[in-house]
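Take this structure first; my questions come after.
We name chains A, B, ... by the order of the sequence lines, and we start the count at 1 in each one. What you see below is based on every heavy atom in this structure, not just the backbone, and it leaves out hydrogens, waters and symmetry mates.
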2 protein chains.
Amino acid sequence: MKFEETVSHLLSRVATAHKAHLEKRLAGVGLHGGQLSVLFELWRRDGRRQVDLAREIGLATPTVNKILNGMIEVGLVDRTRLEDDARATRIYLTDEGHAIRSRVEEVWLEVEEELLSEFTETERYILFDLLTKVRNYYFGIDPDQTNE
Amino acid sequence: MKFEETVSHLLSRVATAHKAHLEKRLAGVGLHGGQLSVLFELWRRDGRRQVDLAREIGLATPTVNKILNGMIEVGLVDRTRLEDDARATRIYLTDEGHAIRSRVEEVWLEVEEELLSEFTETERYILFDLLTKVRNYYFGIDPDQTNE
DNA sequence: CAGTTATTATTAGCCGGCTAATTATCATTG
DNA sequence: CAATGATAATTAGCCGGCTAATAATAACTG
């Protein structure tokens with residue numbers, strides 16, 4: 001049996017390499033990979049509860065808690081206790097968290113472009129489409145239920 | 001800017017989900033994800049040095065060292081010092097390491113089938129092809145240089 | 001209103017990826 | 001042969017994913 005000839009194996013391999021590559025690029029702006037997904041979500045909408053953030057990003061709450069601790073340390077976000085619910089906290093971007101956005105977007109586009117450098121426009125679309133199909137299989141067709 | 005609409009983002013997301021799914025399935029045969037890639041390589045050829053193993057799999061030597069320690073503990077492989085080179089070690093599959101193969105292959109095929117359950121034959125081929133292209137970009141077209 | 005259940009954040013601890021630094025050994029070269 | 005350099009394994013320690021277990025608080029229910 002040839003494990004190397006499965007999509008499963010290819011996917012793991014490619015993703016690991018891509019992640020490593022992304023990490024190196026992000027080092028240039030002083031970020032880690034995990035912080036990105038959180039930043040993306042916060043740039044979309046600020047001041048959310050951790051649990052909502054985690055659900056939206058698709059990570060476990062302890063994972064984003066750990067990432068957030070690091071981001072607070074380097075001054076990218078602030079954590080504020082809710083007034084009407086002493087259990088929950090809201091996460092707000094600091095000025096630095098906002099300011100870093102344009103630089104990150106630049107890096108992000110570069111990484112995307114490098115990843116797809118050998119691909120035609122059509123191939124890019126097809127790859128995106130097929131990966132979307134896999135994502136929908138794993139996450140279910142998410143109806144973007146943004147509760148508060 | 002829409003990060004969600006990049007292949008980069010999709011790839012990370014899908015790979016994370018797939019990895020988690022694989023991990024759950026492997027628990028059924030008492031394995032962890034990292035041990036798989038090592039087993040694949042050992043099933044291909046037994047008794048290799050750690051450094052060669054690592055290079056072939058595409059992982060850093062400390063990573064495979066850590067994985068191998070776990071595999072030795074559960075009795076999947078043995079580590080033997082080379083006679084003509086006291087620095088190096090060879091890794092051999094134990095009987096258990098051989099015996100587990102068929103069960104793992106079963107699980108592996110199931111996972112692959114689940115991943116691609118919604119895909120036509122053509123789509124599967126295309127996805128494999130495109131991912132291969134990405135892999136070749138990141139690893140270079142590996143000329144399978146198997147030194148000893 | 002008292003007790004139970006559910007929710008939020010957190011902690012602890014595992015796995016697997018990495019780099020940097022150590023240790024031991026081999027190889028080379030002067 | 002002595003010194004230097006290269007190589008193999010290992011250790012330490014970081015990041016990011018996870019589950020399980022705690023603590024605090026809300027919410028529900030009898």
To the nearest Å, give me how far apart NE2 (B/His21) and P (C/dC15) are.
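Atom-to-atom, B/His21 to C/dC15, this comes out as 21 Å.
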To the nearest 10°, let me know how far the axis at one end of the helix from C/dC1-D/dG30 to C/dG30-D/dC1 is tilted from the axis at the other, five pairs an end.
0°
Quick one: does A/Ser8's side chain have a donor or acceptor within less than 3.5 Å of a partner on B/Glu112's backbone?
no
Side chains of B/His18 and A/Ser12: is there a donor and an acceptor less than 3.5 Å apart?
no
Using 30° and 60° as the class limits, which term best fits the ring planes of B/Phe3 and A/Phe40: parallel, tilted or perpendicular?
parallel
I want to check something: taking the side chain as every heavy atom from C-beta on, are B/Val38 and B/Val77 in contact at a cut-off of under 4.5 Å?
no
Please check if any side-chain donor atom of A/Glu114 sits under 3.5 Å from a side-chain acceptor atom of A/His21, or the reverse.
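Judged by distance alone, the side chains do pair up.
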In whole Å, what is the span from the CD1 atom of A/Ile67 to the C1' atom of D/dG17?
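After rounding, the gap between these two atoms is 8 Å.
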Just do the salt bridge (charged side-chain N to carboxylate O under 4.0 Å, His left out) check on B/Glu41 and B/Arg48 with the steps written out, would you?
CA-CA 9 Å; B/Glu41 205 56 39; B/Arg48 321 172 67 171; 3.0 Å; yes
Restricting to nitrogen or oxygen on both sides, can you table the protein-nucleotides 4-7 of chain C pairs closer than 3.5 Å?
{"residue": "C/dT7", "atom": "O2", "partner": "A/Arg87", "partner atom": "NH1", "Å": "2.9"}

Using modelled atom types only, decide if a donor and an acceptor are shared between the side chain of B/Arg81 and the backbone of B/Arg87 within a distance under 3.5 Å.
yes
Would you check if the side chain of A/Arg124 reaches a backbone N or O of A/Phe119 as a donor-acceptor pair within less than 3.5 Å?
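Yes, A/Arg124 side chain to A/Phe119 backbone: donor-acceptor pair under 3.5 Å.
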Looking across every strand, which nucleic acid part, if any, lies under 4.0 Å from B/Leu82 by heavy atom: base, sugar-phosphate, or nothing?
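The answer is nothing, as B/Leu82 stays clear of every strand by at least 4.0 Å.
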Can you see whether B/Arg90 engages B/Gln50 through a side-chain donor-acceptor pair at a distance of less than 3.5 angstrom?
no
Identify all pairs in which a protein N or O lies below 3.5 Å from an N or O of nucleotides 10-13 of chain C, and state each distance.
{"residue": "C/dT10", "atom": "OP2", "partner": "A/Gln50", "partner atom": "OE1", "Å": "2.7"}
{"residue": "C/dT10", "atom": "OP2", "partner": "A/Gln50", "partner atom": "NE2", "Å": "3.3"}
{"residue": "C/dT10", "atom": "OP2", "partner": "A/Asn65", "partner atom": "ND2", "Å": "2.4"}
{"residue": "C/dT10", "atom": "OP2", "partner": "A/Arg79", "partner atom": "NE", "Å": "3.3"}
{"residue": "C/dT10", "atom": "OP2", "partner": "A/Arg79", "partner atom": "NH2", "Å": "3.2"}
{"residue": "C/dT10", "atom": "O5'", "partner": "A/Asn65", "partner atom": "ND2", "Å": "3.2"}

Output the rounded distance in Å from NZ (B/Lys24) to P (C/dC14).
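Whole-Å distance recorded here is 20 Å.
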Would you mind reading off the distance between B/Tyr138 atom OH and C/dG17 atom C1', rounded to a whole angstrom?
16 Å
For the salt bridge (Lys or Arg N to Asp or Glu O under 4.0 Å) test, which of B/Glu113, B/Glu106, B/Glu110 pairs with B/Arg25?
B/Glu110
To the nearest Å, how far apart are A/Leu31 CG and D/dC15 P?
13 Å
Main chain of B/Gly97, side chain of B/Trp43: is a donor-acceptor contact present, judged purely on distance under 3.5 Å?
yes
Which is more 5' along DNA chain C, the nucleotide nearest A/Asp85 or the one nearest A/Ala20? Just name the residue.
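It is A/Asp85, whose closest nucleotide lies nearer the 5' terminus.
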Just call it for A/Gly70: base, sugar-phosphate, or nothing, with non-hydrogen atoms closer than 4.0 Å on any strand.
nothing
Any side-chain N or O of A/Thr63 below 4.0 angstrom from OP1/OP2 of D/dC18?
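Looking at the OP1 and OP2 atoms of D/dC18, one of them is under 4.0 Å from a side-chain N or O of A/Thr63.
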Could you check whether B/Ala60 gets within reach of a base, just the sugar-phosphate, or nothing at all, counting any heavy atom under 4.0 Å?
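Base, at least one base atom sits under 4.0 Å.
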Testing the basics here: between B/Leu93 and B/Asp46, what is the closest heavy-atom pair and its distance to 0.1 Å?
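B/Leu93 and B/Asp46 have their closest heavy atoms at N-OD1, 3.1 Å.
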CD1 of A/Ile57 versus C1' of D/dC18: gap in Å, rounded?
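My rounded result for the distance is 15 Å.
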Separation of D/dA8 atom P from B/Leu53 atom CG, nearest Å, is 13 Å
Closer to the 5' end of DNA chain D via nearest nucleotide, is it B/Ala88 or A/Asp84?
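Of the two residues, B/Ala88 wins.
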A/Glu23 CD to C/dG17 C1': how many Å, rounded?
10 Å
